[in-house]
Student: 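Sending over a structure as structure tokens; questions will come in a sec.
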Amino acid sequence: MDFKRIKELRAFEAQLINLKKRYEEYRGREFLPLTRELFDIFYETGSRKEYEDVYFTRRGALLMSALMCLIYGEKEHLDELVRVIDVICDEFTWALPAHMEKSNPAPERVIDLFAAETAQALAEICTRIEIPQKTRQKIHEEIERRTVRPFIEEVYNWESITNNWAAVCAGSVGMAFLYEFPTEFEQIEDRILSAMENYLSGFGDDGICPEGLGYWNYGFWYFTAFADLYKEKCGVDLTKNPKVRAIARCQQNLFLAGDTVISYSDCSRSAHFNSGLAHYYRNRFGAEVRLISDEISDGVDNCFRFATALRSILYLDEGLLGIKEEPQKESFFADCCWYVERGKKFAFSAKGGSNGESHNHNDLGSFIIADKDNQLLADYGAGEYTHDYFTEKRYEELCCSSKGHSVPIIDGQLQAEGGDKIAPVIKSENGCFETELCAAYDIKTLKSLKRSFEVGEDYVELKDKFVFGDTKCHKITERFVSVIKPCIKDGKAVIKNAVLECDITPKISKETLKAHDASEDVLYFVDYETDGDFELTFKIL
């Protein structure tokens, strides 16, 4: 889709209004300084919010003014863009404090996700927009100082990891070289391609991203953007790969109903369909990439990523607009051990797998019941990212601990973390899912815990069968989690239009936690006390 043409596209009218409104929010704004004192708050308190709020305000202004230049091209848009670029080029580092040690002697040479993204954005802006020579030279020098020379001279840890970091950092660095330093790209080409291979190796053959839809979007966008440019510049198509073909189907598989999505790991419980990526891969792989929503995305996310917002427009295909296809009714993804059943009244998902995944939560046996508006039985997803969230204290966080998931608490013991904490799947078809949860708990006397589900048109029946190697009486709390306040009616728990039918009267409690955006939130628990096998039916009215 051509940027000038987008103004004439009726289907994009609402998105254009929103883009112009957001541009006006940033136009002429005086930016707060990114001081070392603000930077150091993270090391003193563990909070990322103070520095990042100021940092991403600048990235918002950069993105919106660049998009206005590309779509409308007025002098005021270019003047605003140049003003913002000058401010960003003067920052003492483009990286975030959470991604480096306080004692780092050269913070300007740190290439994290956001430093890489910044270099990519500025390099591509120089390619697509006629920037004044003085500002263009400044961009060139800063990319060389902060990205090109450091990457040629050092090796970065993200080159060898297998999650979104590899795709985002390598993709952004690779694009910055190709746009602004194409001759030097030959020196680092093999390293960039190796990082991309590492990224793809983090997926199983089922193409599912265990980190969730948000991180699928993040990593796959930068893989795709780099692959597209690399094909243009070097003639090699990295998307001609069966693993890429499977990964391209991930988005359609993670939506449950409406905007509700599977939220295992550090994911959101709802999301918007990414039309740009869907159109791009539909045109490469055909109808196996389903357009399960006719929603059109403007590509603007909470971190104002230039590469993805730009391509959300560029990759739109007018011939695909208005198409809305049904997702698959039943699916099982063998590599990540996720099961999905979509019906007319609700959608259901449950998981086995491992408690040693990237962005792991201790959630083996966890499940979700959702309608198009809400998760009724919920997997909370991501909490606030703080220093402790990514340390050995991670599982003290409610949303990461099994305490905050719909799984049993046995003799006061929660699930443990680690790659050896696994839940093999026994059954996963015809509306039935069963997994063995015994290994998720460090309880020597627990010999077996089989959790099974039967999914019908208007119900989900859960059964937990316990086998202990002793004759003691064991105290088991069967916990079910919701973000919707439950109530007790006639001895049964009710969550919106779901009735939890059981011969035990539950107790309802709640606990506060910090949401991903650092706001206060509440998680509700419906707890049943038992000493052995347990059955419960979720009846959807």
Student: Set out, in order, the CA-CA distance, both residues' side-chain angles and the distance that settles side-chain contact (heavy atoms from CB on, under 4.5 Å) for Gln415 and Leu364, then state yes or no.
Tutor: CA-CA 8 Å; Gln415 290 186 12; Leu364 298 181; 3.6 Å; yes
Student: Any donor and acceptor pair, going by atom type alone, linking the side chain of Thr147 with main-chain N or O of Glu144 inside 3.5 Å?
Tutor: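 A pair under 3.5 Å: no.
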Student: Are Asp442 and Lys421 close enough, and set up right, to give a salt bridge (Lys or Arg N to Asp or Glu O under 4.0 Å), and what steps lead you there?
Tutor: CA-CA 9 Å; Asp442 283 333; Lys421 309 305 177 189; 2.5 Å; yes
Student: Run the ring-ring contact (aromatic ring centres under 6.0 Å, His included) test on Phe480 and Phe525 for me, step by step, so that the C-alpha distance in whole Å, both residues' side-chain angles and the decisive distance to 0.1 Å come before the verdict.
Tutor: CA-CA 6 Å; Phe480 304 99; Phe525 308 131; over 10 Å; no
Student: Pair Asp79, Arg27 - check salt bridge (Lys or Arg N to Asp or Glu O under 4.0 Å), show working.
Tutor: CA-CA 10 Å; Asp79 291 344; Arg27 183 166 66 93; over 6 Å; no
Student: If we count only N and O atoms by modelled type, under 3.5 Å, do the side chains of Tyr280 and Asn274 hold a donor and an acceptor together?
Tutor: no
Student: Indicate yes or no: does Glu124 engage Arg128 in a salt bridge with an N to O separation below 4.0 Å.
Tutor: yes
Student: Is a donor on one side and an acceptor on the other found under 3.5 Å between the side chain of Tyr55 and the backbone of Leu34?
Tutor: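 Checked: no pair found.
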Student: Between Glu91 and Arg58, is the closest basic N to carboxylate O distance under 4.0 Å?
Tutor: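 Yes, charged N to carboxylate O under 4.0 Å.
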Student: Any salt bridge linking Glu153 with Arg109? Criterion: basic side-chain nitrogen under 4.0 Å from a carboxylate oxygen.
Tutor: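 Yes, this pair counts.
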Student: On the ring face of Tyr281, is Arg249 found with NZ or CZ under 6.0 Å from the centre and within 45° of the axis?
Tutor: no
Student: Report the C-alpha separation of Thr118 and Arg59 in whole Å, then their side-chain angles, then the decisive distance to 0.1 Å, and conclude whether the side-chain hydrogen bond (donor to acceptor under 3.5 Å, both in side chains) test is met.
Tutor: CA-CA 8 Å; Thr118 300; Arg59 297 318 183 266; 3.2 Å; yes
Student: State whether Tyr264 and Lys351 meet the cation-pi test: NZ (Lys) or CZ (Arg) under 6.0 Å from the six-membered ring centroid, and within 45° of the perpendicular axis.
Tutor: yes
Student: Got a second to check how far Asn164's CG is from Trp158's CH2, nearest 0.5 Å?
Tutor: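 That separation rounds to 12.5 Å.
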Student: Can Glu130 and Arg136 be counted as an ion pair, charged N to O under 4.0 angstrom?
Tutor: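 No, this pair does not count.
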Student: Of the non-hydrogen atoms in Asp527 and Ser509, which two are nearest, and what is the gap between them?
Tutor: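 Looking at all heavy atoms of both residues, the closest pair is OD2-OG, 4.3 Å.
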Student: Return yes when atom NE2 of His140 has more than 12 non-hydrogen atoms of other residues, nucleotides or ligands closer than 6.0 Å, and no otherwise.
Tutor: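 Yes - once you tally the heavy atoms of other residues, nucleotides and ligands closer than 6.0 Å, there are more than 12.
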Student: Is a side-chain N or O of Thr224 found less than 3.5 angstrom from the main chain of Phe220, in a donor-acceptor match?
Tutor: yes
Student: Is NZ or CZ of Arg305 both nearer than 6.0 Å to the six-membered ring centre of Tyr222 and within 45° of the ring axis?
Tutor: no
Student: For the residue pair Arg479 and His405, what are the closest heavy atoms and their distance?
Tutor: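 Smallest interatomic distance, heavy atoms only, reads CG-O, 3.7 Å.
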Student: Minimum heavy-atom separation for Phe255 to Ala271, with atom names?
Tutor: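 Closest pair (atom of Phe255, atom of Ala271, distance): CE2-O, 3.5 Å.
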Student: CD1/Ile111 to NE2/His99 distance, rounded to the nearest 0.5 angstrom?
Tutor: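 It comes to 14.0 Å.
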Student: Does the Tyr43 side chain pair with the main chain of Pro97, one donor and one acceptor, at a distance under 3.5 Å?
Tutor: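 Side chain of Tyr43 to backbone of Pro97, a donor-acceptor pair under 3.5 Å: yes, one is there.
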Student: Charged N to carboxylate O below 4.0 Å: is that the case for Lys138 and Glu141?
Tutor: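 Here Lys138 does not pair with Glu141 in a salt bridge, since their nearest N and O are not under 4.0 Å apart.
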Student: Taking the side chain as everything from C-beta on, heavy atoms only, tell me whether Leu414 gets closer than 4.5 Å to Asn362.
Tutor: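 No; the side chains remain at least 4.5 Å from each other.
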Student: Answer yes or no: is there an ion pair linking Asp228 with Lys233, defined by an N-O contact shorter than 4.0 Å?
Tutor: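 Looking at Asp228 and Lys233, the cut-off is not met.
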Student: Let's go through Cys126 and Glu180 carefully: what are the C-alpha distance in whole Å and the side-chain angles of both, what is the deciding distance for side-chain contact (heavy atoms from CB on, under 4.5 Å) to 0.1 Å, and is it a yes or a no?
Tutor: CA-CA 8 Å; Cys126 283; Glu180 199 66 16; 4.0 Å; yes
